[in-house]
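Just so you know, these numbers use all the heavy atoms, side chains as well, and skip hydrogens, waters and symmetry mates.
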Amino acid sequence: MHVWQFLFLPIVFGAPTRPGVTVQKSGLTVPDEYKQFREEVVQIFKDSYEPYRRHAFGHDELRPVTSRPSDEFSAWGATVVDSMSTMIIMGLTDYFKEAVAHASSVDFTSTKSWGTVSVFETTIRYVGGLLSAYELSDKKHPVLLRKAQDIADKLAYAFVGQNVIPYGHISFSDNNPKRETTNIAEAGSLSLEWEVLSKYTKNSTYAKLGVGAARHIATQEGCPIPGMAPQRIDPVSGKFANRYVTWGGEADSYFEYLIKYARLSNTKDKVFVQTWKTAVDSSIRKLLRDSITGVGAYLGEMDEQGEVRHVSSHLSCFHAGNWLLGGRLLNNETLIELASKLNDGCWNTYNSTSTGIGPESFAFVSSDGGYSGGGHVSESQLDFSKKHGFYITDPKYILRPEVLESNFHGWRVTGDTKYLDRAAAAIKSFKKHLKLPGRQGFSDITNVNVDGAARYGDKTESFWFAETLKYLYLTFDDPKHISLDDYVFNTECHPLKAPPALASYD
Ligand SMILES: *[C@@H]1O[C@H](CO)[C@@H](O)[C@H](O)[C@H]1NC(C)=O
Ligand SMILES: *[C@@H]1O[C@H](CO)[C@@H](O)[C@H](O)[C@H]1NC(C)=O
Ligand SMILES: *[C@@H]1O[C@H](CO)[C@@H](O)[C@H](O)[C@H]1NC(C)=O
């Protein structure tokens, strides 16, 4: 026998491995005419971050950074940590170095404040932000992992006694939780971050707690429609505490994480994928409607009486991106098509207003004459609805990402350049209506559909830096950079490194 034959044997006769499923359209590149927008987004990031940075690091006499997690951290203290992964992705090395130095200097284990912090918000912004930055900087800053662990060790006190469901808020000063009902979004979307933390610290407790809570919700009896857990849950009894069903607030990221956890962990436990599929299937049957103008589709919500309410929200609009991801992982074209209609419906809420920016919440006059549920409907709302297929119920824009998040998924999954046009249109509208005149800084606005000057709300949420600007940047970046085949995004848009994909998740 020749040596080369011997050497080849294991390869020739080895079991063929089936290639993993892919999420992104293969061979995708951003056409040249769109490339300038990536740099425009970097400029928006700098213009937004600079004034914050001057205050945060004490370079002037104004307010110092909040160096502890607190309920007001979304506006101030979280920005540095929440922005880190975006800085790395955009190549803003100096900002990143400064942020690492800052995070290293903060003692997250004690605080003089008696306020409580949200276990969910602190997990997705701080723990997720630190872990993602740790990975994206090639683990060169172990302090980021240590700080994530310090914080999670405090948050773990929210799991009391034998409770599988954590309380929603705890005090960092005495480790006491606020003993009240929580919701499935807060309890059910800790799984990604706490799983990754266990991987790097070799302490399995974090994953056991975080994943255990999600698993409990997925297996709990009493869903008003199959797979669709209602919003509220009681940490003591572990039972659902209301019957309201929605893909929006208080529920959203629980559903988002079911499929994402399956992808990030490659778990053999089928309950996460199965529950996600059942939830999507129920939603298609009960909640999905075409708009009356035929522009896109929406998912309604189901109230305590089991009536479909024809209402939706900016928050809910993550669903299109999540269904695109799940559709690819499950190799289901029907889901890709429906998700694309949901994407069109969400974008329509931007393209129909005078600013070109979408509102916080909206409602529909239903095609089947059903119950709208949007409260009193005025003549002008009815007129708007006839023209645009929806009407506005809360007109503010607080810099949320979800519509552009799903738009990013639309581009990477389908390769249709209409998603690039939409992202470019959003950048133009943001520069025109959110940038403070004569000053640096981007602000929320109180009404997306007024003629004349928009009114500023004077807040820059940290998710502007962590999510909205990162999704926009990645839309125009090389699709191989932070590919959806290599990373799973937590619900704050912090990419977490995924293992090679399985051949099927079904
Ligand atoms: C693992 O983490 C949990 C949660 O913070 C903690 O209670 C436990 O002591 C840790 N275990 C070890 C071996 O460090
Ligand atoms: C795709 O998903 C839809 C909606 O849940 C379902 O009805 C259909 O059977 C699925 N198709 C395949 C091929 O699994
Ligand atoms: C917005 O809607 C108008 C009218 O339907 C359409 O011509 C335009 O292409 C849309 N813009 C974007 C960016 O989708």
Side-chain angles (χ1 to χ4, degrees), residues 37-59 65-67 69 73-106 108 121-122 124-148 151 193 196 399 401 404-405 408 423 427 430 434-435 440-442 460-478 480-483 486-497:
F37 293 111
R38 203 183 69 150
E39 296 323 305
E40 285 192 27
V41 180
V42 175
Q43 195 56 49
I44 296 176
F45 183 95
K46 289 180 182 167
D47 286 344
S48 304
Y49 191 68
E50 270 301 327
Y52 172 76
R53 180 178 161 266
R54 281 199 302 277
H55 301 185
F57 296 107
H59 298 314
V65 70
T66 313
S67 60
F73 68 46
S74 61
W76 288 92
T79 298
V80 176
V81 169
D82 214 5
S83 301
M84 278 189 194
S85 67
T86 310
M87 294 167 180
I88 301 172
I89 287 170
M90 291 184 178
L92 299 168
T93 319
D94 290 346
Y95 283 165
F96 177 59
K97 276 190 197 148
E98 183 178 56
V100 173
H102 170 70
S104 313
S105 73
V106 177
F108 290 103
E121 295 287 356
T122 309
I124 65 168
R125 301 191 200 208
Y126 282 78
V127 179
L130 289 161
L131 289 174
S132 177
Y134 173 65
E135 289 186 340
L136 291 171
S137 57
D138 294 324
K139 305 181 190 153
K140 281 185 197 127
H141 301 286
V143 65
L144 300 177
L145 175 60
R146 282 202 305 277
K147 294 295 174 183
I151 295 169
E193 297 83 354
V196 172
L399 312 180
L404 295 167
E405 166 182 351
F408 160 76
I427 291 171
F430 288 170
L434 307 179
K435 190 162 186 335
Q440 277 183 309
F442 282 70
T460 308
E461 286 272 2
S462 73
F463 48 66
W464 170 251
F465 301 96
E467 303 190 70
T468 312
L469 297 181
K470 195 189 288 124
Y471 279 125
L472 274 176
Y473 177 88
L474 288 174
T475 303
F476 296 105
D477 197 14
D478 178 357
K480 289 192 278 301
H481 186 211
I482 317 289
S483 163
D486 301 327
Y487 290 91
V488 172
F489 290 86
N490 91 336
T491 190
E492 188 76 0
C493 191
H494 295 304
L496 299 168
K497 190 91 180 98

Okay, side chain of [X], backbone of [Y]: is any donor-acceptor separation there less than 3.5 Å?
X      : Y      : value
Lys97  : Thr93  : no
Glu135 : Lys497 : yes
Asn490 : Glu492 : yes
Ser132 : Pro495 : yes
Asp47  : Gln440 : no
Thr460 : Phe442 : yes

Are any of the side-chain heavy atoms of [X] and [Y] separated by less than 4.5 Å?
X      : Y      : result
Met90  : Leu469 : yes
Tyr49  : Met87  : yes
Leu130 : Leu145 : no

Using the six-membered ring wherever Trp is involved, compare the ring planes of Phe489 and Tyr471 and label them parallel, tilted or perpendicular (cut-offs 30° and 60°). tilted

Do the rings of Phe465 and Tyr52 sit parallel, tilted or perpendicular, given the 30° and 60° boundaries? tilted

Between [X] and [Y], which heavy-atom pair has the shortest distance, and what is it?
X      : Y      : answer
Leu404 : Ala423 : CD2-CA, 4.5 Å
Thr79  : Ser462 : OG1-CB, 3.7 Å
Val127 : Ala148 : CG2-O, 4.1 Å

Say you draw a straight line from [atom1] of [X] to [atom2] of [Y]; how long is it, rounded to the nearest 0.5 Å?
X      : Y      : atom1 : atom2 : answer
Ser83  : Glu467 : OG    : CD    : 11.0 Å
Lys470 : Phe408 : NZ    : CZ    : 10.5 Å
Glu121 : Asp82  : CD    : CG    : 9.5 Å
Leu472 : Ile44  : CG    : CD1   : 7.0 Å
Arg38  : Ile427 : CZ    : CD1   : 12.0 Å
Ile151 : Tyr126 : CD1   : OH    : 7.0 Å

In chain order, what residues pass the ring-ring contact (aromatic ring centres under 6.0 Å, His included) check against Tyr473, with sequence neighbours excluded? none

Sequence neighbours left out, what passes ring-ring contact (aromatic ring centres under 6.0 Å, His included) with Tyr487? Give chain and number order. none

Checking [X] now: which residues fulfil side chain to side chain contact (heavy atoms under 4.5 Å, CB included) with it, not counting sequence neighbours?
X      : result
Ala133 : Met84, Ile88, Phe96, Leu144
Ser104 : Val100, Val143
Lys46  : Val42, Gln43, Leu92, Tyr95

Aromatic centroids of Trp464 and Phe430 separated by under 6.0 Å: yes

Check whether the side chains of His481 and Asp477 place a donor and an acceptor atom closer than 3.5 Å, and report yes or no. yes

Report the residues that fulfil side-chain hydrogen bond (donor to acceptor under 3.5 Å, both in side chains) with Thr468, sequence neighbours left out, ordered by chain and then residue number. none

Glu193 with Arg125: basic N within carboxylate O range, under 4.0 Å: no

